[in-house]
Amino acid sequence: MTPFAYLKNTEKQRLEELFTFLEFPSVSAKSEHKKDLNNCAKWLSAHLKKIGFTSKVMPTGGHPVVYAEYMVDKSKPTILYYGHYDVQPPEPLDLWKSQPFKPEVRAGYIYARGATDDKGQTFCHIKGLESVIKTTGTLPVNVKFLIEGEEETHSENLPKFIRKNKTMLKADIVVVSDTAQFSRTIPAVTFGLRGIASTEVFVYGPKRDVHSGSFGGAIANPVNVLCSMVAQLHKSDGSIAIPGFYSKVKKPTAWERKQFKKLPFKESAYKKALGISALHGEKGFTTLERSWIRPTLDVNGITGGYQGEGAKTIIPSYASCKITMRLVPDMDPKDICNKLEKFLKKIAPKSVRIKVDKHGGAKGVNVPTDGPWLDAAAEAIKIGFGVGPVFMKEGGSIPIVGDFKEILGLDTLLIGFGQNDDNIHSPNERFRIRDFERGCKTAAALPDTLAKVK
Ligand code: BES
Ligand code: MN
Ligand code: MN
């Protein structure tokens, strides 16, 4: 039997197993789910063992890592597959058509939190490799799996884990499927990701909420102040006003611009899919450039004052917001956070006190745009999808990819099986069954194409 025939024969069971994986509410951001993350890791490790891997759940300073190995021959290349079994919080729950941790198939899609990001995509590789092992009795390459539980919370403990386990993780190339294809008909290899710098800003006013009639007009309102400060972070041309923000940002290269221009991007379809009537962004850049290779600053959430039913006439005591900035390669997250803090403190009126908490960060990465590994990935995609990939970048971040290069000296192949409209981080996250199948096929073809490299 061929691996593809095996995949076909096991289609139903494969979907059921993915459903079991998706049923764990492995939300890394919330401490109440600690047990669920542990159980999910245990299930995953046991599943890898059933396929023929040696595997263990390994502790970190946070949620555990699932590690697995299938070693065949020292002279063959070693592939390190990375993925994450943790997921984003599912809220707001009332916007889900079916429950986030009760997977359901509707109109050719699997709906569940983690369906695409990243359980479904990681599972493609597990099942693709299984199809090769079960039909040929072995693999043409050595395989290592590193599947973590803290990607959605900045992979805070993983760099240390990698440093401690350098020998165990020794490999020739990393494979990650945690991105998207360009479109439903155009698969892609991604050659760069943006980084991220995360902060939370607090504005403190009077030591308690006070009557807005008695005190309004005489003291600063922290919510008003925060809004005004946030409004000053961008200039009217869409660029970011923080001094020095762009000092490390390189102009897009001619090659990059050419790749992007080749892609069949339709502004009208993009707007329609999002339900917006006009686009917005930095002057002088296309939409793809704005979302892939330019740094950004966004408020992810803002709070303060009374938000319950009816009216409450107060000047709130404090206000806060979460700000993340997407970075391009060479920008340093710490440096950018410091620059934001300095700017906010400079523009803040004396009437309030400002505190800026600096959370995790990750550098943007570029991965090679040519060479034998990339050719091998493109060949496997051609087999799995029936059509070769385009080259693109992505605006999202996978924090550990930069560390693979810095700590292990390894390049990464970013082979996305998802779609831009899979609703990742959003209600009704989904994975198209067709993409799951094509992902599994690509994953089944990849060991053979990679084996030819070394
Ligand atoms: N899979 C995404 C990264 C991604 C998103 C790549 C969209 C390409 C397109 C990943 O799970 C993710 O969401 N990363 C976070 C990292 C952050 C929490 C440090 C992100 O980008 O917000
Ligand atoms: Mn992901
Ligand atoms: Mn994610």
Side-chain angles (χ1 to χ4, degrees), residues 29 153-154 194-249 276 278-285 290-291 294-308 311-328 331-364 395 397 425:
T153 52
H154 289 97
R194 287 195 291 197
I196 190 167
S198 302
T199 64
E200 191 160 1
V201 180
F202 300 86
V203 177
Y204 299 105
K207 61 184 174 192
R208 57 179 183 274
D209 290 355
V210 295
H211 194 289
S212 65
S214 319
F215 296 93
I219 63 172
N221 178 323
V223 177
N224 295 17
V225 169
L226 180 60
C227 290
S228 143
M229 286 172 56
V230 165
Q232 291 174 64
L233 293 172
H234 286 91
K235 294 184 183 166
S236 58
D237 64 2
S239 68
I240 292 149
I242 301 169
F245 188 83
Y246 292 96
S247 66
K248 294 277 168 60
V249 179
I276 52 176
L279 296 175
H280 169 88
E282 199 183 348
K283 225 172 156 176
F285 296 92
R290 284 171 180 170
S291 49
R294 295 298 294 169
T296 61
L297 182 153
D298 279 292
V299 175
N300 308 119
I302 187 160
T303 22
Y306 180 69
Q307 287 162 54
K312 188 174 188 222
T313 44
I314 54 159
I315 307 268
S317 169
Y318 59 87
S320 71
C321 72
K322 292 180 192 279
I323 295 180
T324 52
M325 293 162 282
R326 295 286 167 175
L327 314 178
V328 296
M331 291 174 91
D332 176 50
K334 278 212 181 82
D335 173 60
I336 289 298
C337 284
N338 289 338
K339 283 176 170 150
L340 169 69
E341 180 177 27
K342 204 168 151 201
F343 184 62
L344 287 171
K345 290 196 166 155
K346 196 183 104 195
I347 63 174
K350 284 211 176 57
S351 49
V352 296
R353 186 168 62 83
I354 305 288
K355 181 164 82 85
V356 179
D357 282 358
K358 291 167 261 182
H359 301 305
K363 279 188 159 179
S397 316
H425 294 207

Legend entry - Evaluation steps, side chain to side chain contact (heavy atoms under 4.5 Å, CB included), between L340 and L344: CA-CA 6 Å; L340 169 69; L344 287 171; 3.8 Å; yes
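- Under the 4.5 Å side-chain criterion, counting only non-hydrogen atoms from C-beta, P295 is in contact with Y246.
- Considering only heavy atoms from C-beta on, L226 comes within 4.5 Å of C321 through its side chain.
- Under a 3.5 Å cut-off, the side chain of R326 and the backbone N or O of R194 do not form any donor-acceptor pair.
- Among all heavy-atom pairs drawn from P316 and P222, the shortest one is O-CD, 3.1 Å.
- Other residues, nucleotides and ligands contribute at most 12 non-hydrogen atoms within 6.0 Å of the OH atom of Y318.
- The NE2 atom of H234 sits 8.5 Å away from atom CD1 of I242, with the distance rounded to the nearest 0.5 Å.
- More than 12 heavy atoms of other shown residues, nucleotides or ligands fall within 6.0 angstrom of atom NZ in K345.
- Of the inter-residue distances, the one linking L233 atom CG with S239 atom OG reads 11.5 Å to the nearest 0.5 angstrom.
- Closest non-hydrogen pair, G195 versus S397, comes out as O-OG, 3.3 Å.
- Closest of all the heavy-atom pairs between G305 and V223 is N-CG2, 4.3 Å.
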Inset, instruction - Carefully, step by step, assess I336 and F245 under the rule side chain to side chain contact (heavy atoms under 4.5 Å, CB included). - result: CA-CA 7 Å; I336 289 298; F245 188 83; 3.8 Å; yes
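- For the pair T324 and T296, the minimum side-chain heavy-atom distance is 4.5 Å or more.
- The NZ atom of K339 sits 8.0 Å away from atom CE of M331, with the distance rounded to the nearest 0.5 Å.
- Between R294 and E282, at least one side-chain N (NZ, or NE/NH1/NH2) sits under 4.0 Å from a carboxylate O, which counts as a salt bridge.
- Annotation: side chain of I219 is in contact with side chain of I315 (closest heavy-atom distance under 4.5 Å).
- Summarising the geometry, atom CD belonging to E341 is positioned 9.0 Å from atom CG belonging to D357; distances are rounded to the nearest 0.5 Å.
- With hydrogens and angles disregarded, a donor-acceptor distance shorter than 3.5 Å links the side chain of D209 to the backbone of S317.
- For the atom pair CD1 (I323) and OG (S198), the distance works out to 11.0 Å, reported to the nearest 0.5 Å.
- Put simply, the side chain of K358 reaches to within 4.5 Å of the side chain of N338, judged on heavy atoms.
- Judged by distance alone, with hydrogens and angles left aside, the side-chain atoms of S291 form no donor-acceptor pair with the main-chain N or O of G395 at under 3.5 Å.
- For the residue pair Y204 and K355, the shortest heavy atom distance occurs at OH-CE, 3.5 Å.
- Proximity of S212 to N221: side-chain heavy atoms (C-beta onward) are nowhere separated by under 4.5 Å.
- When all heavy atoms are compared, the tightest approach of V352 to A220 is CG1-CB, 3.9 Å.
- Residues V299 and K322 fail the side-chain proximity criterion, which asks for heavy atoms closer than 4.5 Å.
- Contact detail for M229 and P349: the closest heavy-atom pair is SD-CD, 4.5 Å.
- Within the 4.5 Å cutoff, side-chain heavy atoms of Y306 are placed close to those of I314.
- Within 6.0 Å of atom NZ in K346, 12 or fewer heavy atoms from other residues, nucleotides or ligands are found, so the atom counts as exposed in its surroundings.
- Atom NZ of K235 sits about 12.5 Å away from atom NZ of K283, to the nearest 0.5 Å.
- The only member of T199, I240, V230 that meets side-chain contact (heavy atoms from CB on, under 4.5 Å) when paired with L297 is I240.
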Inset, instruction - Apply the test side chain to side chain contact (heavy atoms under 4.5 Å, CB included) to residues K248 and V328: give CA-CA distance (whole Å), side-chain angles for both, the deciding distance (0.1 Å), then the verdict. - result: CA-CA 9 Å; K248 294 277 168 60; V328 296; over 6 Å; no
